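Heads up, the thing below is written out as structure tokens.
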Protein chains: 2
Amino acid sequence: MTEIELSTEEKILKAAEEVFMRDGYDGSRMQDIADVAGINKALLHYYFRSKDKLFEKVFDAKIQSFFPKMGEKFSQDIPFLDKIHIFIEGYMDLLLKNPYLPLFVLNTVNNKDKSEFIKKLPIELSRQVAQSYYVEFKKGNVRELNPAQFIMSLMGMCIFPFLAKPILLDMFKADNDTFDKLMEERIQELKHYVTLIVTP
Amino acid sequence: MTEIELSTEEKILKAAEEVFMRDGYDGSRMQDIADVAGINKALLHYYFRSKDKLFEKVFDAKIQSFFPKMGEKFSQDIPFLDKIHIFIEGYMDLLLKNPYLPLFVLNTVNNKDKSEFIKKLPIELSRQVAQSYYVEFKKGNVRELNPAQFIMSLMGMCIFPFLAKPILLDMFKADNDTFDKLMEERIQELKHYVTLIVTP
DNA sequence: TATAAGTTTAACCAAATGGTTAAATATGTT
DNA sequence: AACATATTTAACCATTTGGTTAAACTTATA
């Protein structure tokens, strides 16, 4: 493990990401971010003029991962169902590594004051899934369904547990490790579900 | 339509619900709530001593509906699948009437400062579904599955579109009415999905 | 060494906000 | 009328917070 000396800018962005994701925009304090970054508030404003500017930088990077660009994977010439399975694996993995991501993104896009940022979201995923689906449907390999409804279900099934995690921990009387195991197990379960849904 | 004169307390609670649900706890201002209720700030504090106390009153009522008490319906002696269908209808209907509910509840439950409120959530739903499932499983009427995973999927599929609504409107280039129609349509689609998932 | 950029410190400011208080007024009750 | 409760008004307070400023110090580079 090589010791990497982060630049001040990187330290700030990392700290801002942590604090914004944990406390939300309104709940975050510039002083908090400065503390986490190990610098002072003056330097924070020296690098990023305002809270808004800093937030935008952090958010831009995050929304990209929330709607993953599965372009490469979806353009592969493999059956639709296999693509969905790959999506589930990759996405659940991302969520396990970024459990605060969903609430952060969903709050931001639902925030009237921050709605400017919505434009930047990639609508590619939807298009790719739909296109890939129709190709396969014509071959008779998948059942007839509405791709829009399907993708909402797919994302909902993946994301919801991470949004409701505190409730679920309480419900199942589980701790963090148990939850992660439940999510690992969930990958297989979801693959099974979509197979049943998609197969003719 | 009879004109009902709301008491001041009711006016406040209704206003608080509206503002808290729209702006979240941190984003809400006592002055805003007073304005919406058509009273002044002093009177607001006269009825509910603090922002926290007022919030708690609103939240208590809301979390009850987020995890619906389907007790009566689930105790009926009808097939498991039918119960789930009834759940989907009732829950989607609730969400269509309270589109801000999910984000509000999930934010609160994920807020460290508000974690005291989590205790009050009803874990009944999970127990009821699981029990109802096992009864039916023994009769061989449903496929083997993990009820915990199933209920996360069910709730996720219902709730997610309302959380991601601003993104979806953008994605599908839709307006509010189109979205509602999509959700109406979704009720049938979800019934179909769960049938495929549950049927042996 | 001189210069410029990066960094720290600490004080400061204006605005917003939750909450309080006191006095005046309105309304209804006994 | 007398009394209590509900409501308004407006001023006020303490704290938090985003943001600024200026002066000093450090580091690297020309």
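Just so you know, these numbers come straight off a predicted model, no measurement behind them.
Across the protein-nucleic acid pair, A:Asp35 atom CG and D:dG18 atom C1' stand 15 Å apart, rounded to whole Å. The interatomic distance linking A:Met30 (CE) with C:dC13 (P) rounds to 21 Å, in whole Å. Nucleotide D:dC13 holds its P atom 14 Å from the NZ atom of B:Lys41, rounded to whole Å. What separates CG of B:Asp26 from P of D:dT16 is a distance of 15 Å, to the nearest Å. The CG atom of B:Asn40 sits 15 Å away from the P atom of C:dG18 (whole-angstrom rounding). A straight line from CG of A:Leu54 to C1' of D:dG18 spans 12 Å, rounded to a whole angstrom. If you measure from atom CG of A:Leu44 to atom P of D:dT17, you get 15 Å, rounded to the nearest angstrom. Spacing between atom CG of A:Leu43 and atom P of D:dT26 amounts to 16 Å, rounded to whole angstrom units.
Separation of the A:Phe160 and B:Phe160 ring centroids does not fall under the 6.0 Å cut-off. The distance between the ring centers of B:Phe104 and B:Tyr100 does not fall below 6.0 angstrom.
When the nucleotides C:dT8, C:dG19, D:dG19 are ranked by their closest atom to the side chain of B:His45, C:dG19 comes out on top. With distances taken from any side-chain atom of A:Ser50 to the nucleotides D:dG19, C:dG18, C:dT8, the minimum falls on D:dG19.
Phosphate proximity of C:dT7 to A:Tyr46: absent, as no side-chain N or O sits under 4.0 Å from OP1 or OP2. For A:Thr8 and C:dT7, the shortest distance from a side-chain N or O to OP1 or OP2 is below 4.0 Å. At the phosphate of D:dG18, OP1 or OP2 sits under 4.0 Å from a side-chain N or O atom of A:Arg29.
Scanning atom types as modelled, no donor and acceptor separated by under 3.5 angstrom connect the side chain of B:Lys51 and the base of C:dG19.
Using cut-offs of 30° and 60° on the angle between ring planes, the pair B:Phe162 and B:Phe179 is perpendicular.
In this structure, A:Lys57 fails the cation-pi test against A:Phe48, since its NZ or CZ atom is not both closer than 6.0 Å to the six-membered ring centre and inside 45 degrees of the ring normal.
The pair B:Asp93-B:Lys97 meets the salt-bridge criterion, with a side-chain N (NZ, NE, NH1 or NH2) lying under 4.0 Å from an Asp/Glu carboxylate O.
B:Tyr47 comes within contact range of the sugar-phosphate backbone alone, with a heavy-atom separation under 4.0 Å but no base atom that close.
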